[in-house]
*Asks:* 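Below: one structure in structure tokens.
Counting starts at 1 for both ligands and their atoms, following the listed order.
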Amino acid sequence: MADQAFVTLTTNDAYAKGALVLGCSLKQQGTTRKLVVLSTPQVSDAMRKALETVFDEVLTVDVLDSGDSAHLTLMKRPELGVTLTKLHCWSLTQYSKCVFMDADTLVLANIDDLFEREELSAAPDPGWPDCFNSGVFVYQPSAETYSQLLQLAAEQGSFDGGDQGLLNTFFSSWATTDIRKHLPFIYNMSSISIYSYLPAFKAFGASAKVVHFLGRVKPWNYTYDPQTKSVKSVSHDTPMTHPELLGLWWGLFTTSIAPLLQTFGLTHGPGSYLSVVALRLAYSLAFSCGFCRKEQVSGAVSHLSLGESPAAPQPFVSSEERKERWEQGQADYLGVDSFDNIQRKLDTYLQ
Ligand code: UDP
Ligand code: GLC
Ligand code: MN
């Protein structure tokens with residue numbers, strides 16, 4: 001069993017929070033397999049140290065990006081080109097079999113039985129069930145498969161611009177050849193099934209073993225009040241369709257991950273209730289001091305990386321308009337008005 005592992009991926013500190021919760025949930029469910037996280041150099045050193053406390057191996061890999069904006073735009077997910085980085089999981093040949101899991105998945109029951117399945121086993125994608133969803137899959141590391149996948153990516157590209165399109169092209173017999181390679185949906189229950197098929201969710205949702213927070217807005221993009229144990233949406237365009245599932249993620253984050261992040265000097269950003277309160281204060285201060293003049297803000301924002309934001313490009317909004325929106329309680333907490341941005345701006349002035 002030492003040669004079998006659960007593997008996940010993070011290319012930044014925001015997805016790393018998801019990876020930490022996932023790793024913690026696997027441990028909580030008593031897995032006997034190793035835990036491996038693939039990370040890229042963009043992950044901060046402090047976050048890497050936090051990952052090392054949960055995962056057996058924290059490996060650094062290069063970013064593989066499809067750069068295929070045309071297909072990614074069709075999916076309305078311009079940020080997913082980097083998911084080709086997932087392909088590195090086939091190069092983990094120190095393991096004989098692995099289960100890959102997206103960093104936005106949460107394990108609710110022991111799933112070690114997945115190691116009885118063969119490559120490539122996965123659950124259907126809720127959007128196109130003749131394709132498998134690449135958020136959870138059983139595979140066999142192999143240098144040869146790895147190089148064939150890279151070759152396919154270079155020659156043909158991926159039909160969705162991300163890993164899922166490429167993997168479905170490569171393992172194209174999945175839909176028809178062997179039903180044992182179809183994982184039950186409860187091993188990768190995407191949260192969007194709540195509104196796409198509510199009666200089924202009501203009938204079978206309680207037996208879910210893995211929840212997948214598929215979609216642009218991730219659990220760490222919400223806020224959480226630990227006192228009332230309630231999850232809140234931070235802006236009007238992030239409706240909350242599955243508060244109970246988000247509550248499970250946040251419960252684990254609050255009890256096990258937030259204290260760990262604090263140990264390594266990492267705050268959990270605008271995703272926490274307290275940070276939003278702090279952000280409100282900082283923002284008022286910034287405006288009242290005249291810090292956020294248009295040219296200063298756009299200049300500051302142009303070279304900041306917004307690790308916390310769902311990466312959809314934001315339309316340009318003037319400083320005046322932003323101020324108005326703020327006064328109406330509509331600050332763009334996850335984007336230009338993120339706590340990190342404001343804090344950095346304030347720091348610049350304080351220095
Ligand atoms: N991922 C990442 N950084 C990114 C985008 C994605 O590390 O900027 C990784 C992460 O493991 C994530 C997976 O790629 O869970 C697939 O992306 P995502 O879960 O956002 O896609 P979805 O399941 O929502 O289609
Ligand atoms: C999907 C999968 C995700 C994958 C993305 C890009 O929706 O859930 O794992 O990375 O498509 O192909
Ligand atoms: Mn995902």
*Asks:* Pull out every atom of ligand 2 sitting under 4.0 Å from any heavy atom of Leu214, numbered as shown with elements.
*Replies:*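 Ligand 2 atoms under the 4.0 Å threshold to Leu214: 8 (O).
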*Asks:* I need the minimum non-hydrogen distance between Leu51 and Ala19, along with the two atoms involved.
*Replies:*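 Heavy atoms only, the tightest pair is CD2-CB, 4.2 Å.
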*Asks:* Of all the non-hydrogen atoms in the protein, which one sits nearest to atom 4 (C) of ligand 1, and at what distance?
*Replies:*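 I find the closest protein heavy atom is Tyr15 CE1, 3.3 Å.
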*Asks:* Which heavy atom of the protein is the closest neighbour of atom 19 (O) of ligand 1, given with residue, atom name and distance?
*Replies:*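 In this structure, atom 19 (O) of ligand 1 has Asp104 OD2, 2.9 Å as its nearest protein heavy atom.
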*Asks:* Any idea which atoms of ligand 2 are less than 4.0 Å away from a heavy-atom of Gly135?
*Replies:*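 Close to Gly135: 9 (O).
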*Asks:* Determine, considering heavy atoms only, which of Leu166, Thr83, Asp160, Asp163 sits nearest to atom 4 (C) of ligand 2.
*Replies:*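 Nearest heavy atom to atom 4 (C) of ligand 2 lies in Asp163.
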*Asks:* Hey, which atoms in ligand 2 end up nearer than 4.0 Å to a heavy atom of Gly162?
*Replies:*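 Taking each heavy atom of Gly162 in turn, ligand 2 has 6 (C), 12 (O) under 4.0 Å.
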*Asks:* Check this for me: Phe204, atom CZ, are more than 12 non-hydrogen atoms of other residues, nucleotides or ligands nearer than 6.0 Å?
*Replies:*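 No, not enclosed.
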*Asks:* Keeping the roles fixed (side chain from Asp160, backbone from Met75), state whether a donor-acceptor pair exists under 3.5 Å.
*Replies:*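 Judged by distance alone, no pair lies under 3.5 Å.
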*Asks:* With a 3.5 Å cut-off and no angle check, do the side chains of Asp112 and Thr32 form a donor-acceptor pair?
*Replies:*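 Yes, because at least one side-chain N or O of Asp112 sits under 3.5 Å from a partner of the opposite role on Thr32.
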*Asks:* Give the C-alpha distance, both sets of side-chain angles, the deciding distance and a yes or no for side chain to side chain contact (heavy atoms under 4.5 Å, CB included) between Asn133 and Leu214.
*Replies:* CA-CA 10 Å; Asn133 180 273; Leu214 189 149; 3.3 Å; yes
*Asks:* May I ask you to list the atoms of ligand 2 that are less than 4.0 angstrom from any heavy atom of His212?
*Replies:*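 Contacts of ligand 2 toward His212, numbered from 1: 8 (O).
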*Asks:* Regarding Asp225 and Ser230, do their side chains bring together a donor and an acceptor under 3.5 Å, going by distance alone?
*Replies:*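 No.
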*Asks:* For the backbone of Val211 and the side chain of Thr105, can you confirm whether one donor and one acceptor N or O come within less than 3.5 Å of each other?
*Replies:*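 Checked: no pair found.
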*Asks:* With a 4.0 Å heavy-atom cut-off (strictly under), which part of Leu80 contacts ligand 1: side chain, backbone, both or neither?
*Replies:*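 Contact part for Leu80 vs ligand 1: side chain (C-beta onward).
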*Asks:* Tell me which one of Glu79, His71, Gln164, Met75 gets a heavy atom nearest to atom 2 (C) of ligand 2.
*Replies:*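 Residue with the shortest heavy-atom distance to the ligand atom: Gln164.
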*Asks:* At a 4.0 Å threshold, what atoms of ligand 1 neighbour a non-hydrogen atom of Val82?
*Replies:*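 Listed by number with element, the hits are 4 (C), 5 (C), 8 (O).
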*Asks:* Just heavy atoms, cut-off under 4.0 Å: does Asp163 contact ligand 1 by side chain, backbone, both, or neither?
*Replies:*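 Neither part.
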*Asks:* Please write down residue, atom name and distance for the protein heavy atom closest to atom 24 (O) of ligand 1.
*Replies:*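 Minimum-distance protein heavy atom for atom 24 (O) of ligand 1 reads Lys218 NZ, 2.6 Å.
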*Asks:* Does the ring centre of His182 sit less than 6.0 Å away from the ring centre of Phe132?
*Replies:*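 No; His182 has its ring centre 6.0 Å or more from that of Phe132.
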*Asks:* At what distance is the nearest protein heavy atom to atom 15 (O) of ligand 1, and which residue and atom is it?
*Replies:*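 Residue, atom and distance for the closest contact: Ala103 N, 3.0 Å.
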*Asks:* Apply side chain to side chain contact (heavy atoms under 4.5 Å, CB included) to the pair Ser44 and Leu266, showing each step before the final yes or no.
*Replies:* CA-CA 10 Å; Ser44 69; Leu266 292 156; 4.2 Å; yes
*Asks:* Would you say Gly215 and ligand 1 have an N/O pair spaced under 3.5 Å apart?
*Replies:*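 Min N/O separation from ligand 1 is below 3.5 Å for Gly215.
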*Asks:* Does ligand 1 come near enough to Phe213 that some N or O of the ligand is less than 3.5 Å from an N or O of the residue?
*Replies:*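 There is no such contact.
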*Asks:* Looking only at protein heavy atoms, which one is nearest to atom 5 (C) of ligand 2, and what is the separation?
*Replies:*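 Checked against all protein heavy atoms, atom 5 (C) of ligand 2 sits closest to Leu80 CD1, 3.8 Å.
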*Asks:* Phe253 vs Trp250 aromatic rings, parallel, tilted or perpendicular, using cut-offs 30° and 60°?
*Replies:*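 Answer is perpendicular, since the angle exceeds 60°.
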*Asks:* What protein heavy atom sits nearest atom 3 (N) of ligand 1, and how far away is it?
*Replies:*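 Answer, as residue, atom name and distance: Thr11 OG1, 2.7 Å.
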*Asks:* Nearest N/O/S atom of Asp102 with respect to the Mn ion (ligand 3), by atom name, please.
*Replies:*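 In Asp102, the heteroatom (N, O or S) nearest the Mn ion (ligand 3) is OD2.
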*Asks:* Which atoms of ligand 2 are found less than 4.0 Å from any heavy atom of Ser134?
*Replies:*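 Reading through ligand 2 atom by atom, the close ones are 2 (C), 3 (C), 4 (C), 9 (O).
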*Asks:* Could you check Gln4, Gln140, Glu57 and say which one makes a side chain to side chain donor-acceptor pair (under 3.5 Å) with Tyr95?
*Replies:*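 It is Glu57, the one option of Gln4, Gln140, Glu57 that forms the side chain to side chain donor-acceptor pair (under 3.5 Å) with Tyr95.
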*Asks:* Atoms of ligand 2 less than 4.0 Å from Asn133 heavy atoms?
*Replies:*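 Under 4.0 Å from Asn133, ligand 2 has these atoms: 2 (C), 8 (O).
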*Asks:* Please report the shortest heavy-atom distance between Ala16 and Thr10, naming the atom on each side.
*Replies:*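 What the structure gives for the nearest pair is N-OG1, 3.0 Å.
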*Asks:* Which of the numbered atoms in ligand 2 are below 4.0 angstrom from a heavy atom of Lys86?
*Replies:*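 Answer for ligand 2: 3 (C), 4 (C), 9 (O), 10 (O).
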*Asks:* Which protein non-hydrogen atom lies closest to atom 23 (O) of ligand 1, naming both residue and atom, and how far is it?
*Replies:*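 Nearest neighbour among protein heavy atoms for atom 23 (O) of ligand 1, to 0.1 Å: His212 NE2, 3.0 Å.
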*Asks:* Could you tell me whether Arg77 approaches ligand 2 through its side chain, its backbone, both or neither, with non-hydrogen atoms closer than 4.0 Å?
*Replies:*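 Contact part for Arg77 vs ligand 2: neither.
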*Asks:* Could you verify whether a donor N or O on one side chain and an acceptor N or O on the other, from Trp128 and Gln164, lie under 3.5 Å apart?
*Replies:*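 The criterion, which ignores hydrogens and geometry beyond distance, is not satisfied for Gln164 and Trp128.
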*Asks:* Please work out which of Arg77, Gln42, Arg216 has its closest non-hydrogen atom nearest to atom 22 (P) of ligand 1.
*Replies:*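 Nearest option to atom 22 (P) of ligand 1, by heavy atoms: Arg77.
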*Asks:* Starting from the C-alpha separation in whole Å, work towards a yes-or-no answer on ring pair (Phe, Tyr, Trp, His ring centres under 6.0 Å) for Phe55 and Phe6.
*Replies:* CA-CA 10 Å; Phe55 288 84; Phe6 285 100; over 10 Å; no
*Asks:* Which heavy atom of Arg48 sits nearest to which heavy atom of Thr60, and what is that distance?
*Replies:*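 Closest approach of Arg48 to Thr60, heavy atoms only: NH1-OG1, 3.1 Å.
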*Asks:* What is the nearest protein non-hydrogen atom to atom 9 (C) of ligand 1, stated with its residue, atom name and distance?
*Replies:*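 In this structure, atom 9 (C) of ligand 1 has Leu9 CD2, 3.7 Å as its nearest protein heavy atom.
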*Asks:* Where does Asp102 meet ligand 2, judged by heavy-atom distances below 4.0 Å: at the side chain, the backbone, both, or neither?
*Replies:*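 The side chain, only.
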*Asks:* Provide, to 0.1 Å, the distance between atom 14 (O) of ligand 1 and the closest protein heavy atom, together with that atom's residue and name.
*Replies:*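 Closest protein heavy atom to atom 14 (O) of ligand 1: Thr83 CG2, 3.5 Å.
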*Asks:* With a cut-off of 4.0 Å, which atoms of ligand 1 are near a heavy atom of Asn12?
*Replies:*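 So the atoms of ligand 1 that pass are 8 (O).
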*Asks:* Using heavy atoms and a threshold below 4.0 Å, how should the contact between Thr85 and ligand 1 be classified: side chain, backbone, both, or neither?
*Replies:*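 For Thr85, no heavy atom sits under 4.0 Å from ligand 1.
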*Asks:* Can a donor-acceptor pair be found between the side chains of Gln42 and Thr40 at a distance below 3.5 Å?
*Replies:*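 Present: a donor and an acceptor within the cut-off.
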*Asks:* Does the N or O separation between Asp125 and ligand 2 drop below 3.5 Å for any pair?
*Replies:*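 Looking only at distances, the answer is no, because the N/O contact criterion of under 3.5 Å is not met.
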*Asks:* Are the aromatic ring centres of Trp174 and Tyr139 under 6.0 angstrom apart?
*Replies:*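 Ring centroids of Trp174 and Tyr139 are no less than 6.0 Å from each other.
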